[in-house]
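Just so you know, these numbers use all the heavy atoms, side chains as well, and skip hydrogens, waters and symmetry mates.
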Amino acid sequence: MIEAPYWWDAVPPVEEAARPVPASCDAVVVGGGIGGLCAALELARGGAAVALLEADAFGFNAAARNSGGVSFGLDLAKVARWARWSGRKGPGVPALAQGALESLDFTEDFIVRNAIDCDYHRRGRLVCATTPHKYAQLARRAEALNRLFGAGARLVPAKDQHAEIGSDRFHGVLVIERSGQLDPARYVRGLLRLCDAAGVSRHARTTVTRIERAAGGFRVSSSAGALACRTVVVATNAHSARLPSTSLGKRVIPVASHIVVTEPLAPEHAERLLPRRRTGADDRRLLAYFRRTPDGTRFLYGSRAAPFEVTPARAAAVLQRRMVASFPSLAGVRISHAWGCKVAFTLDALPHMGEIDGLHYLAGCNGNGVAMMSYLGHRVARKVLDGKAQCIFDQAAFPKLPLYDGRPWFLPAMAAGYRALDYLDSLRSRP
């Protein structure tokens, strides 16, 4: 078993030695994931001299470790629950839905306009009901998705679900046509090439140690030297706690996610599992997600093997059991790759961009970062260039949890509670 992302077999992270940063520039972007790359690209195309600083190798973190699902990725039920609990009145549901849909449309158009070779296909996705009661709930969800997103959502009952998924462990599925998938490592490599062509000064293995105000803007200190700039964009997302000069880390909750990929399957076996090659997820609180690899030969399965990061071997053992429980035909199939990453969640279940501590930022993919981070990276750059708010997710309010310092000490208790609730749901569904 290879303890690294499957995507890296063909497109590994770009290994570059650290090099000195320029003495000055117009804008510094901290964080070289999808959001940071898109922000740096748009700033450079807008005429700014840009330095992009990444603490690791470009393509090392979640940007090139995720499953490659591309959707509007906004859970309006969670957003509504937060609004009721907190009593805060934010943007209305239709406006949020429109913003989320813009992120998907932007990303699809961006990939085409820039000819990024990343195996992008709009194949749709599945939400799989784990109990009969939850299948009934999916009917209401389908109506909302079609009304707000034009999602092409429809229900497929259990008796017909083999046309969509090769498992009898679900009680029907919801098909959402307006969704896609790509190879995330190829997408990141494409963004890097665009940044290089636009003249972005890229600096891998460069850790930012301090950001402080200075005459005319900011002074950014890093492991590769200090530089002066007018504007700083923070795109560290799940790794924001590593940046000591901003309180962004107290507003973003890093959650571990783990993924396994099987050895190549017989063509007929792969075809039975997901005949239309959609992405998919179940509807548990501790949900699992899955798809076939771009060549169609392997099965990818992801979930949270533990609240925090664990070894790939440990994650593989946990996820293989869960995978076989939902897809019994995979019993005995070997795991070829296993890995993990951190993704950024927010208390209000919304992505955010704006200004904090005098810095521009984008954060909070909530597990659906490919389209949203692409979109917010572009939007925050346009805000810097034009001086105007650019989208519905540019809000002054960005809630933080009391007594939270960036270390999510509460995740084990939350995970245990979710497991208990999922188990109770399964008990209620038994005859």
**Report entry** Distance in Å, Asp109 CG paired with Asp105 CG, rounded so as to fall on 0.5 Å steps
**Finding:** 8.5 Å
Query raised in the report: Judged by atom type as modelled, is there a donor-acceptor pair below 3.5 Å linking the side chain of Thr206 to the main-chain atoms of Ala204?
Result: yes
Report task. For Asp394 and Lys383, run side-chain contact (heavy atoms from CB on, under 4.5 Å): C-alpha distance rounded to whole Å, both residues' side-chain angles, the deciding distance at 0.1 Å, then the answer. Result -> CA-CA 10 Å; Asp394 189 350; Lys383 182 179 180 179; 3.0 Å; yes
Query - Val370 side chain reached by Asn66 side chain, heavy atoms, under 4.5 Å - result: yes
Requested in this report: Give the intermediate values and the outcome of side-chain hydrogen bond (donor to acceptor under 3.5 Å, both in side chains) for residues Thr131 and Asp425.
Outcome: CA-CA 7 Å; Thr131 70; Asp425 283 344; over 6 Å; no
Report task. Evaluate side-chain contact (heavy atoms from CB on, under 4.5 Å) for Arg242 paired with Thr236, printing each intermediate quantity in order. Result -> CA-CA 8 Å; Arg242 296 166 64 179; Thr236 47; over 6 Å; no
**Report entry** Side chain proximity check, Val310 to His258, heavy atoms < 4.5 angstrom
**Finding:** yes
Query raised in the report: More than 12 foreign heavy atoms under 6.0 Å from CZ of Arg45: is that the case here?
Result: yes
Query raised in the report: Quick one: does Val28's side chain get under 4.5 Å of Val233's, heavy atoms only?
Result: no
Query - Geometric class of the Phe398/His352 ring pair [parallel <30°, tilted 30-60°, perpendicular >60°] - result: parallel
Query raised in the report: Under the side-chain contact (heavy atoms from CB on, under 4.5 Å) criterion, do Arg141 and Leu174 qualify, and how do the steps go?
Result: CA-CA 9 Å; Arg141 184 172 176 183; Leu174 172 65; 4.3 Å; yes
Query raised in the report: Will you find, in the side chains of Ser303 and Arg322, an N or O donor that is under 3.5 Å from an N or O acceptor?
Result: yes
Query - Distance-only side-chain donor-acceptor flag, Asp357 / Thr246, under 3.5 Å - result: yes
Report task. Nearest 0.5 Å please: distance from the OG1 atom of Thr207 over to the CD atom of Glu54. Result -> 8.5 Å
Query raised in the report: Under 4.5 Å between any side-chain heavy atoms of Leu286 and Arg419, yes or no?
Result: yes
Report task. Ignoring hydrogens and angles, tell me if any N or O in the side chain of Asp160 forms a donor-acceptor pair with the backbone of Val156 under 3.5 Å. Result -> no
**Report entry** Donor-acceptor contact present, side-chain Ser67 to main-chain Tyr289, <3.5 Å
**Finding:** no
Report task. Report, as yes or no, whether the 6.0 Å neighbourhood of atom OH on Tyr404 holds more than 12 heavy atoms from other residues, nucleotides or ligands. Result -> yes
Report summary line: Distance col, row Arg186:CZ vs Ile116:CD1, nearest 0.5 angstrom, shows 13.0 Å
Requested in this report: Could you tell me whether a side-chain N or O of Asn237 sits under 3.5 Å from a main-chain N or O of Val343, the two making a donor and an acceptor?
Outcome: no
Query raised in the report: Counting distance only, does the side-chain N/O of Ser103 pair as donor-acceptor with the main-chain N or O of Ala100 below 3.5 Å?
Result: yes
Query raised in the report: What distance do Phe72 atom CZ and Gln98 atom CD have between them, rounded to the nearest 0.5 Å?
Result: 12.0 Å
Requested in this report: Would you mind reporting whether Val188 and Val14 have side-chain heavy atoms less than 4.5 Å apart?
Outcome: no
**Report entry** From CA spacing to verdict: side-chain contact (heavy atoms from CB on, under 4.5 Å), Val29, Val50
**Finding:** CA-CA 7 Å; Val29 178; Val50 184; 4.1 Å; yes
Query raised in the report: So how far is it from His121 NE2 to Asp183 CG, rounded to the nearest 0.5 Å?
Result: 10.5 Å
Query raised in the report: Is Arg65 close enough and on-axis enough to Phe60, meaning under 6.0 Å and within 45°, for cation-pi?
Result: yes
Requested in this report: Inspect the contact between Glu271 and Arg292 and indicate whether a charged nitrogen and a carboxylate oxygen are less than 4.0 angstrom apart.
Outcome: yes
Query - Asn366 side chain to Asp75 side chain, donor-acceptor N/O pair below 3.5 angstrom - result: no
Report task. Tell me, with the steps shown, if Asp56 and His239 meet side-chain hydrogen bond (donor to acceptor under 3.5 Å, both in side chains). Result -> CA-CA 11 Å; Asp56 300 302; His239 298 275; 5.7 Å; no
Query raised in the report: Are the ring centres of His378 and Phe106 closer than 6.0 Å?
Result: yes
Query raised in the report: Do His337 and Trp339 come within less than 4.5 Å of each other through their side chains, counting heavy atoms only?
Result: yes
Query raised in the report: Are any of the side-chain heavy atoms of Leu347 and Leu401 separated by less than 4.5 Å?
Result: yes
Query raised in the report: Any idea which heavy atoms bring Pro408 and Ile253 closest together, and the distance?
Result: CB-CG2, 4.1 Å
Query raised in the report: Is it true that the NZ or CZ of Arg202 lies under 6.0 Å from the centre of Phe58's six-membered ring and within 45 degrees of the ring axis?
Result: yes
Query raised in the report: Does the Ser201 side chain pair with the main chain of Ala51, one donor and one acceptor, at a distance under 3.5 Å?
Result: no
Query raised in the report: Does the cation-pi check pass for Arg298 over Phe290, that is, NZ or CZ under 6.0 Å from the six-membered ring centre and within 45° of its axis?
Result: no
Report task. Examine distances only and state if a side-chain atom of Asp386 and a backbone atom of Lys388 form a donor-acceptor pair shorter than 3.5 Å. Result -> no
Report task. Establish, yes or no, whether a centroid distance under 6.0 Å links the rings of Phe170 and Tyr135. Result -> no
Query - Short side-chain donor-acceptor distance under 3.5 Å, His162 and Asp168 - result: yes
Query raised in the report: Would you find more than 12 non-hydrogen atoms of other residues, nucleotides or ligands less than 6.0 Å from Arg407 atom CZ?
Result: no
Query raised in the report: Of Asp282, Leu274, Ile176, which is the lone residue that meets side chain to side chain contact (heavy atoms under 4.5 Å, CB included) with Leu126?
Result: Leu274
Query raised in the report: Taking it one step at a time, do Arg382 and Glu42 satisfy salt bridge (Lys or Arg N to Asp or Glu O under 4.0 Å)?
Result: CA-CA 7 Å; Arg382 292 315 314 173; Glu42 185 62 20; 2.9 Å; yes
Query raised in the report: Between Lys134 (side chain) and Asp283 (backbone), is there a donor-acceptor pair under 3.5 Å?
Result: yes
Requested in this report: Please indicate whether Arg334 has more than 12 foreign heavy atoms, meaning atoms of other residues, nucleotides or ligands, lying under 6.0 Å from its CZ.
Outcome: no
**Report entry** Exam field: side chain Thr346 to backbone Gly364, donor-acceptor pair closer than 3.5 Å
**Finding:** no
Report task. Would you check if there is a donor-acceptor pair between the side chains of His269 and Ser329 at a distance under 3.5 Å? Result -> yes
Report task. Starting from the C-alpha separation in whole Å, work towards a yes-or-no answer on side-chain hydrogen bond (donor to acceptor under 3.5 Å, both in side chains) for Tyr187 and Ser374. Result -> CA-CA 11 Å; Tyr187 185 48; Ser374 301; 2.8 Å; yes
Requested in this report: Might you work through the ring pair (Phe, Tyr, Trp, His ring centres under 6.0 Å) test for Phe327 and Phe299, ending with a clear yes or no?
Outcome: CA-CA 11 Å; Phe327 298 92; Phe299 191 75; 5.0 Å; yes
Query raised in the report: Side chains of Tyr120 and Glu108: donor-acceptor distance under 3.5 Å anywhere?
Result: yes
Query raised in the report: At what distance, to the nearest 0.5 angstrom, does OG1 of Thr130 lie from CZ of Arg285?
Result: 9.0 Å
**Report entry** Heavy-atom side-chain proximity of Val324 to Val333 below 4.5 angstrom
**Finding:** no
Requested in this report: Output yes when a side-chain donor or acceptor of Ser336 lies under 3.5 Å from a complementary backbone atom of Thr262, and no otherwise.
Outcome: yes
**Report entry** Centroid separation Phe110 to Tyr375 less than 6.0 Å
**Finding:** no
Query raised in the report: Looking only at side chains, do Glu355 and Tyr361 share a donor and an acceptor under 3.5 Å apart?
Result: no
